[in-house]
There are 2 protein chains.
Amino acid sequence: MELTERKKKVLRSVVDLYIRTAEPVGSKAITELPDMKYSSATIRNEMAELTTMGYLEQPHTSAGRVPAAAGYRLYVDELMADYRLSLDETQSINIAIEEKMQRVDKMLEKVAKLVSQATDLPAISAASRHGSTTVRRFELIAADVSSVILVIMLSDEQVANKVIKLPVQTLQSDLQVLSAVLNATMTGLTPDDFTADLLERVMNAAGAAGALVPVIMEFTAEVLRGHGSTNMAVAGQMRLLGQPEYRDVDKAQKIMSTLDEEALSNLPAIMQNQNGTKVLVGPENVAQELKDTSVVMTKFDIGDGMQGMIGVVGPTRMDYAKVTARLSYFAESLSKMFAKPEQAALPQSAEEPHKEA
Amino acid sequence: MELTERKKKVLRSVVDLYIRTAEPVGSKAITELPDMKYSSATIRNEMAELTTMGYLEQPHTSAGRVPAAAGYRLYVDELMADYRLSLDETQSINIAIEEKMQRVDKMLEKVAKLVSQATDLPAISAASRHGSTTVRRFELIAADVSSVILVIMLSDEQVANKVIKLPVQTLQSDLQVLSAVLNATMTGLTPDDFTADLLERVMNAAGAAGALVPVIMEFTAEVLRGHGSTNMAVAGQMRLLGQPEYRDVDKAQKIMSTLDEEALSNLPAIMQNQNGTKVLVGPENVAQELKDTSVVMTKFDIGDGMQGMIGVVGPTRMDYAKVTARLSYFAESLSKMFAKPEQAALPQSAEEPHKEA
DNA sequence: ATTAGCACTCTTTGTGTTTGAGTGCTAAGC
DNA sequence: GCTTAGCACTCAAACACAAAGAGTGCTAAT
């Protein structure tokens, strides 16, 4: 059943107002809006119908109306106005992003912090890999007489390293043998392939330096797993306290602990097959604990076969338009940034102008 | 002016009770304590005097007494009983710590989380270096035709790496030259030595592969600076909400934002020259914002010329005895753990028993 | 020196009472 | 027919006021 234009307009006004004030909206407040040419009685009738249809709710008889989940849904899907980012906003986002980011985990932390700042809500960021990573090459560098550095080059252009103390004096030639064996047997494998059987075979083949193999294998598995698994960061939990719905400390605490935990760890998975910006309104949420909150999230491209995701968590009554706009812009800017060729050994021109209309 | 034994006993009881209940303590409550053989009137007199001496405070005429800052000070310095950790507590701390910790920053995050868990308060952890780090050796590994991996071995046994895209085809021999030049000129230096002058000299000496020098130098400086600077992590901010004094969201929010910021960054510095466990009571605190809170912190040894610090932030009415005990034990355990020789290539015996009476 | 006793203070708690925003419905108006 | 003015009704929030209770300081008795 389609809603009349007028009903939509009323619904939209209610949601807009409620987002602004966090207080139930009465019929009078609606009539006072510009270009609302009906009397409060008419609005009351409309609101009564919207209530029976399930788009609005009444906390108690003599209160105004509050959007129900279905109301929010309709609002985000159809009714809300596009929020236009101001030049200020885009600029501050750009400036924030342009600092160089080193490692993925640090990057995620930073991004989460930035998003949280930009939206004034708790934010999550995550990165995950499409396929699985494998080792492309092993390299052993003698550091000094008693230690050697293992360098692992991965299929995704990343590099990991570890210092390994040598149990006994080991000859340079032994290390070369070991290196050759590693490259011959352990490249292109996933952590699952690292069986006890393989371990034994490699150790036998490695000969003198075979004692190093268990450490190497363990470290390698760790790195691969670490790279394969979803990496994520949360920032700005305390911002929830700024929201009137969480003035009640108990409520806030409950959500906070959920935020800290792994209830969020399936959010990235949800984005996996989605495109664009996704809004989960209240009860549509994954975790039961989040049924009074909404989640807005979107993807961005990291390159190197990695997929990023940013999102924020907030009260169902959050400013979807603004949040969605900022998030999308963030995602876009991040994708652009990662798409830029690594600022390589180009002698000068370290600085590039970033202005965009 | 020394306090009489009885006054001390009363003061101690007041603080103990207040720590437990978070409510002003009345004379009657004190008399009900075991081995308190005086009547409430006597206690009242004592409390009145303690109040005029500045050890206690009265929220209002008909309320009980609350410890004043001086009272807490005396309490932590002289009066509080040693808290004996239960076997359970030591064990759970040990188990928590024994997981392997990889990088320093990850380690700090984990430690902060653990400490926060153990104390049920927000925790900070930090690590800083005694001297300054320098590069011991540079190594360049050709990864494929268009990229090379820079491996930097530092004076503290740590290793950093970075993938550098080559601007143009570069010969293996050029890289060898570059490597030699780097090792000859840029080892043993601090970031401050990396002047434009040095850059030019190295670039000239490096010849064909000189274009890589700026990137290398920048990265090196970054790594050295990163290693030199104090690294820190905060965890469990939300635990503050569990404390009755922060049921007022505004208060909580204020402290929280202070926690997040760099007001804490001078805490590690304070520990620098201190030994053992240090307690900052309320107004003794560094940041004005923390005047209603206390900080307990202690040092631990990371080895490799690094110094660690853990601390917690909480209401002035926190259980100093318990917190101090847990913190000290944590610090001890951590020091022990880092003192253990790196679990190197010893073929088996991966597991060691940890039981201690 | 200690303590019982008591008047006094001031917060907390409870209880009606009032207020006012907002509603649903009916009947009049366009 | 839709719209709107009007009105009785509901109910949370705000207020005022009283009573309760915890704790004190002081005095006088032990």
Side-chain angles (χ1 to χ4, degrees), chain A residues 2-11 13-18 20-33 35-68 71 244-245 247-248 317, chain B residues 2-11 13-18 20-33 35-68 71 244-245 247-248 317:
Chain A
E2 258 306 317
L3 289 174
T4 65
E5 270 319 303
R6 195 170 67 184
K7 278 205 178 50
K8 284 186 186 171
K9 195 166 171 186
V10 171
L11 176 55
S13 305
V14 171
V15 180
D16 276 340
L17 269 179
Y18 187 61
R20 263 229 314 278
T21 62
E23 306 263 293
V25 180
S27 52
K28 187 136 166 268
I30 301 284
T31 50
E32 275 159 6
L33 254 38
D35 83 300
M36 189 57 83
K37 308 182 250 307
Y38 298 95
S39 76
S40 66
T42 311
I43 303 297
R44 270 205 294 286
N45 287 329
E46 294 287 48
M47 297 212 307
E49 287 186 56
L50 283 167
T51 305
T52 59
M53 289 191 225
Y55 293 110
L56 294 178
E57 278 176 354
Q58 225 171 350
H60 56 265
T61 22
S62 80
R65 299 305 209 287
V66 158
E245 24 270 284
R247 306 235 84 210
D248 179 10
R317 173 206 62 77
Chain B
E2 257 307 316
L3 289 175
T4 65
E5 270 319 303
R6 195 170 69 183
K7 278 208 178 47
K8 282 187 186 170
K9 195 166 171 186
V10 171
L11 175 55
S13 304
V14 171
V15 179
D16 276 340
L17 270 179
Y18 186 62
R20 264 229 314 278
T21 63
E23 306 264 293
V25 179
S27 52
K28 187 141 166 265
I30 301 284
T31 48
E32 276 159 7
L33 251 40
D35 81 300
M36 188 55 85
K37 308 182 249 312
Y38 299 94
S39 76
S40 66
T42 311
I43 303 296
R44 269 206 293 287
N45 287 331
E46 293 288 47
M47 298 211 308
E49 287 187 55
L50 283 168
T51 305
T52 57
M53 291 192 225
Y55 292 110
L56 294 178
E57 279 175 353
Q58 225 172 352
H60 57 264
T61 22
S62 80
R65 299 304 208 287
V66 159
E245 24 270 285
R247 307 233 84 211
D248 179 8
R317 173 207 62 78

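Letters A, B, ... mirror the listed sequences (proteins, then strands); counts begin at 1.
- Checked against side-chain contact (heavy atoms from CB on, under 4.5 Å), Ala29(A) has the following partners two or more places apart in sequence or in another chain: Leu17(A), Val25(A).
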Can you check nucleotides 4-6 of chain D for protein contacts, nitrogen or oxygen pairs under 3.5 Å, and list what you find?
unit_1: dT4(D); atom_1: OP2; unit_2: Ser39(A); atom_2: N; d: 3.0
unit_1: dT4(D); atom_1: OP2; unit_2: Thr42(A); atom_2: OG1; d: 2.8
unit_1: dG6(D); atom_1: O6; unit_2: Arg44(A); atom_2: NH2; d: 3.0

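- Not counting sequence neighbours, the partners of Ala41(A) by the side-chain contact (heavy atoms from CB on, under 4.5 Å) test are Ser39(A), Arg44(A).
- Between Glu32(B) atom CD and dA22(D) atom P there is a gap of 11 Å when expressed in whole angstrom units.
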Show your reasoning for whether side-chain contact (heavy atoms from CB on, under 4.5 Å) applies to Leu50(A) and Arg65(A). CA-CA 10 Å; Leu50(A) 283 167; Arg65(A) 299 305 209 287; over 6 Å; no
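- Atom CD1 of Ile43(A) and atom P of dT23(C) are 11 Å apart (whole Å).
- In this entry the distance linking CG of Leu17(B) with C1' of dG23(D) reads 15 Å, nearest Å.
- Nearest-nucleotide positions on DNA chain C for Ser27(A) and His60(B) put His60(B) closer to the 5' end.
- Under the side-chain contact (heavy atoms from CB on, under 4.5 Å) criterion, Asn45(A) pairs with no residue at all, not counting sequence neighbours.
- For the pair Met47(B) CE and dC26(D) P, the computed distance is 14 Å after rounding to whole Å.
- Between the P atom of dA22(D) and the CD atom of Gln58(B) lies a distance of 17 Å, rounded to the nearest Å.
- When the side-chain contact (heavy atoms from CB on, under 4.5 Å) test is applied to Lys9(B), the partners found at least two apart in sequence or on another chain are Asp35(B), Met36(B).
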How far apart are the C-alpha atoms of Ile30(B) and Glu46(B), what are their side-chain angles, what is the distance that settles it, and do they pass the side-chain contact (heavy atoms from CB on, under 4.5 Å) test? CA-CA 11 Å; Ile30(B) 301 284; Glu46(B) 293 288 47; over 6 Å; no
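- By the salt bridge (charged side-chain N to carboxylate O under 4.0 Å, His left out) test, Arg20(B) pairs with no residue at all, sequence neighbours left out.
- When the salt bridge (charged side-chain N to carboxylate O under 4.0 Å, His left out) test is applied to Arg317(A), the partners found at least two apart in sequence or on another chain are Glu245(A).
- Glu49(B) pairs by the salt bridge (charged side-chain N to carboxylate O under 4.0 Å, His left out) definition with Lys7(B), not counting sequence neighbours.
- Regarding Glu49(B), its CD atom lies at a distance of 11 Å from the P atom of dT2(C), rounded to whole Å.
- For residues 61-68 of chain B, proximity to DNA chain D is found at Thr61(B), Ser62(B), Ala63(B), Gly64(B), Arg65(B), defined as any non-hydrogen atom under 4.0 angstrom from a strand atom.
- If you take CD of Glu46(B) and C1' of dT24(D), they are 16 Å apart, rounded to a whole angstrom.
- One atom, NZ of Lys7(A), and another, P of dC2(D), lie 11 Å apart when rounded to the nearest Å.
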